[in-house]
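Beneath this line is the structure, given in structure tokens, with notes to follow.
All values below were derived from every heavy atom in this structure, side-chain atoms included, with hydrogens, water molecules and symmetry-related copies excluded. Below, read A as the first sequence line, B as the second, and so on, with proteins coming before strands; counting in each chain starts at 1.
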Protein chains: 2
Amino acid sequence: MNIYDIADKAGVSIATVSRVLNNSTNVSQKTRQKVLDVMETLGYTPNAFARGLNLNTMKMIGVLCTDVSDVFYAKAVSVIENSLRQHGFDAILCCTGDNIEDKKKYMNLLLEKRVDALILVGSTFKEKLDNSHIEKIASSIPVIIINGLITLPNTYCILSDEFQAIYDNVVRLCHKGYENVLYLYDVDTFSGSQKLNGYKNAIKDCGLTINNDLIIKVPKDLNDIKEALSNLLKKGIVPSAVLASEDILAIFAMKSLTEKGYTIPKDIPIIGFNNSLLAECSTPSLTSIDNMVGNLCTTAVTTLTNVFSGEDVPHKITISCKLVERDTFIP
Amino acid sequence: MNIYDIADKAGVSIATVSRVLNNSTNVSQKTRQKVLDVMETLGYTPNAFARGLNLNTMKMIGVLCTDVSDVFYAKAVSVIENSLRQHGFDAILCCTGDNIEDKKKYMNLLLEKRVDALILVGSTFKEKLDNSHIEKIASSIPVIIINGLITLPNTYCILSDEFQAIYDNVVRLCHKGYENVLYLYDVDTFSGSQKLNGYKNAIKDCGLTINNDLIIKVPKDLNDIKEALSNLLKKGIVPSAVLASEDILAIFAMKSLTEKGYTIPKDIPIIGFNNSLLAECSTPSLTSIDNMVGNLCTTAVTTLTNVFSGEDVPHKITISCKLVERDTFIP
DNA sequence: TTGAAAGCGCTACCAT
DNA sequence: ATGGTAGCGCTTTCAA
């Protein structure tokens with residue numbers, strides 16, 4: 001069934017039907033109602049492809065992340081999807097995994113689907129790397145990057161100030177006398193390096209020297225973390241506090257240290273990052289830095305709609321984090 | 001830029017360009033290469049809307065769930081998206097929330113986008129309720145339902161055998177002497193009632209009587225659960241074991257009971273459901289029933305592709321769960 | 001206020 | 001193997 005059928009039954013032209021469909025003002029109330037009635041009784045649904053072909057948009061946004069099953073990305077995608085919908089957009093989800101070639105491939109697939117924009121969540125693209133590809137995309141549609149920084153025309157970055165958050169908390173720990181702060185992280189994304197820099201700068205600014213044994217890169221796996229901590233302790237190094245780039249790392253560290261006889265937080269306070277559900281579920285519950293993912297994502301969508309409406313939009317917006325106090329560290 | 005531009009530059013007709021685009025065999029190797037070269041140098045991207053208008057498909061599937069930020073749905077959506085992509089489909093994500101009117105609205109939006117099928121994850125629709133709406137949709141596109149049961153033409157249900165899983169574990173607990181098994185749940189979805197029935201039937205089949213005080217419906221909130229358990233204990237009822245419809249409920253119950261001086265699992269063993277990351281993160285780690293969400297979702301996608309290729313597909317596929325043993329209950 | 005008709009960019013059928 | 005052309009269902013301009 002199409003616009004012609006409706007026009008026939010209603011005794012008007014397809015132009016009029018189209019006008020009704022698009023809420024055009026130039027239709028008499030009587031005609032409009034007649035057309036609407038016919039649509040209703042026939043159960044007509046406009047064809048979005050034909051519409052898209054004319055308007056060159058189907059109001060769809062491509063949302064890319066490495067993996068929605070990760071709690072952080074899941075929350076982000078959830079908020080993004082809801083905000084987009086409130087603005088009349090659908091979200092095409094694309095979980096790319098870590099491989100950079102796959103990412104490019106998937107971006108191209110989304111481009112072929114003629115999405116109106118791309119939102120990259122926690123892109124693992126680092127500055128200076130592979131910008132050519134993003135550049136090509138940004139030349140045709142806006143690209144919003146959440147927790148990633150790329151300086152190119154038509155790209156907009158929404159960042160949580162992870163550098164500052166880590167910096168502040170390391171400084172705080174140092175000032176409370178915890179000078180051997182162990183830092184755990186797992187990936188070298190933009191976000192990852194921001195955090196790591198926060199740690200390093202804080203250590204320096206506290207007048208301490210960076211001990212590379214206290215900076216451990218380790219996968220999100222309990223056994224790997226147990227092993228890493230065993231090795232550390234074997235070297236005779238006992239961390240005075242632990243800070244992790246993600247809650248799960250902090251929790252696994254807590255489990256490992258508890259197993260080795262340390263009491264958390266009495267012996268070793270621990271701080272996680274993301275303030276995820278995991279933080280609430282662990283025992284003792286995990287003090288964690290909240291990266292304000294909800295804010296980040298709604299800001300991203302607002303930014304996007306502003307771009308669409310031709311407003312002057314800043315290239316970079318930074319949102320501060322906040323510490324959520326629970327049992328593993330009380331400031 | 002369109003197919004005409006390519007045809008011009010390559011000195012062929014648009015028909016030939018279209019053939020190259022669609023990998024038709026009736027093109028000489030020489031012509032094909034020439035056209036491909038032109039496409040490459042001009043950076044041509046075919047217009048999916050025009051293509052969709054002709055073929056009446058853009059190879060997109062609507063994926064509905066209440067909320068992707070929930071760990072279970074996140075995992076499900078992740079697997080579904082990946083499987084769909086392997087079959088050349090994109091996933092339009094739609095988080096509906098719990099409101100049934102919203103669900104209907106969103107389903108209609110997806111229909112308007114002319115998706116090729118709908119996958120409902122953990123629908124809260126109950127049998128006999130609101131089938132008319134699904135029926136209408138299923139009359140135009142296939143509807144796959146994960147952990148929900150609706151018997152209608154062109155609907156296909158992929159279920160995890162949650163009834164049996166709960167049943168078996170309650171029976172197991174009873175046989176080990178734990179006769180006052182507390183059952184915690186939070187929602188009355190199809191899935192929810194399957195589990196509850198499993199509990200009730202098991203209690204009966206063990207020759208015990210159902211004690212309604214031991215069946216508690218409570219939100220996924222630590223304080224609510226603390227309060228519910230306090231009330232239970234005040235009545236003088238101490239559960240001999242706890243079974244929960246979701247890991248998070250089990251974990252909060254564990255926290256509450258630990259706080260009240262009980263030792264888990266020595267005093268009270270606990271079993272969760274979903275085998276989520278939370279189970280691994282809690283202390284002690286949570287024994288949990290794995291609902292095989294990965295299997296469920298890949299089966300759903302396979303089922304869908306079979307429907308598309310016109311194969312004879314069963315209306316209902318049930319996949320059994322399995323108990324993953326950790327520290328809170330060792331059978 | 002309404003209608004006629006020209007696209008939008010592609011696919012697929014029919015010729016050649 | 002290639003080209004011509006009629007749609008696909010809609011929006012939008014121009015006329016009336």
Side-chain angles (χ1 to χ4, degrees), chain A residues 1-39 42-60 88 108-116 140-141, chain B residues 1-39 42-60 88 90 108-109 111-116 140-141:
Chain A
M1 181 185 3
N2 58 31
I3 207 174
Y4 286 91
D5 298 318
I6 306 298
D8 271 2
K9 305 272 178 199
V12 298
S13 74
I14 61 161
T16 300
V17 177
S18 176
R19 285 189 192 100
V20 173
L21 233 33
N22 294 286
N23 282 316
S24 163
T25 49
N26 294 325
V27 185
S28 74
Q29 185 50 45
K30 206 178 128 201
T31 310
R32 180 186 304 279
Q33 197 52 56
K34 191 169 54 181
V35 172
L36 286 174
D37 287 348
V38 174
M39 287 178 176
L42 264 61
Y44 168 72
T45 305
N47 185 311
F49 303 148
R51 199 149 198 280
L53 184 56
N54 276 279
L55 303 180
N56 206 29
T57 168
M58 265 180 69
K59 299 271 264 172
M60 300 191 304
N108 278 332
L109 284 178
L110 289 173
L111 265 194
E112 284 179 22
K113 290 264 156 101
R114 288 291 207 269
V115 293
D116 295 314
S140 57
I141 53 173
Chain B
M1 180 183 3
N2 58 31
I3 207 174
Y4 285 91
D5 298 318
I6 306 297
D8 272 2
K9 305 271 178 198
V12 297
S13 73
I14 62 159
T16 300
V17 177
S18 177
R19 283 186 195 102
V20 172
L21 233 33
N22 293 285
N23 282 315
S24 164
T25 51
N26 293 325
V27 186
S28 73
Q29 185 49 43
K30 206 178 128 202
T31 309
R32 178 185 305 277
Q33 196 53 54
K34 191 170 53 183
V35 172
L36 287 174
D37 287 348
V38 174
M39 287 177 175
L42 265 62
Y44 168 73
T45 305
N47 186 311
F49 303 148
R51 197 149 200 280
L53 183 55
N54 276 279
L55 303 180
N56 207 29
T57 168
M58 266 181 67
K59 300 273 265 175
M60 299 190 305
D90 273 308
N108 279 333
L109 284 178
L111 265 193
E112 283 179 21
K113 290 265 156 103
R114 288 289 206 273
V115 293
D116 296 314
S140 57
I141 53 171

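Of all the heavy atoms in B:Y44 and B:I6, the pair that sits closest is CB-CD1, 3.6 Å. When all heavy atoms of B:S13 and B:A7 are compared, the closest pair comes out as C-CB, 3.7 Å.
By the side chain to side chain contact (heavy atoms under 4.5 Å, CB included) test, B:K34 pairs with B:V12, sequence neighbours left out. Contacts of B:E112 classified as side chain to side chain donor-acceptor pair (under 3.5 Å), with partners at least two apart in sequence or in another chain: none. A search for side chain to side chain contact (heavy atoms under 4.5 Å, CB included) contacts involving B:S140 returns B:L111, not counting sequence neighbours.
Side-chain atoms of B:K113 and A:K59, non-hydrogen and from C-beta on, do get closer than 4.5 Å to each other. Between B:T45 and A:R114, the closest side-chain pair of non-hydrogen atoms falls below 4.5 Å. Side-chain contact check for A:R51 versus A:N47: every heavy-atom pair is 4.5 Å or farther apart. The closest side-chain heavy-atom distance from A:V35 to A:R19 is not below 4.5 Å.
Between the side chain of B:N22 and the main chain of B:S24, no donor-acceptor pair closer than 3.5 Å is present.
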Expected string for nucleotides 4-11 of chain D under the B/S/- scheme (protein heavy atoms, under 4.0 Å, primed atoms plus P, OP1, OP2 as sugar-phosphate) is BB-BBBBB
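Along DNA chain C, the stretch of nucleotides lying under 4.0 Å from any heavy atom of chain A spans, 5' to 3', C:dT1 to C:dG9.
Fit an axis to the five pairs at each end of the helix from C:dT1-D:dA16 to C:dT16-D:dA1 and the two axes sit 30° apart, to the nearest 10 degrees.
Phosphate proximity of D:dT2 to B:S28: present, with a side-chain N or O under 4.0 Å from OP1 or OP2.
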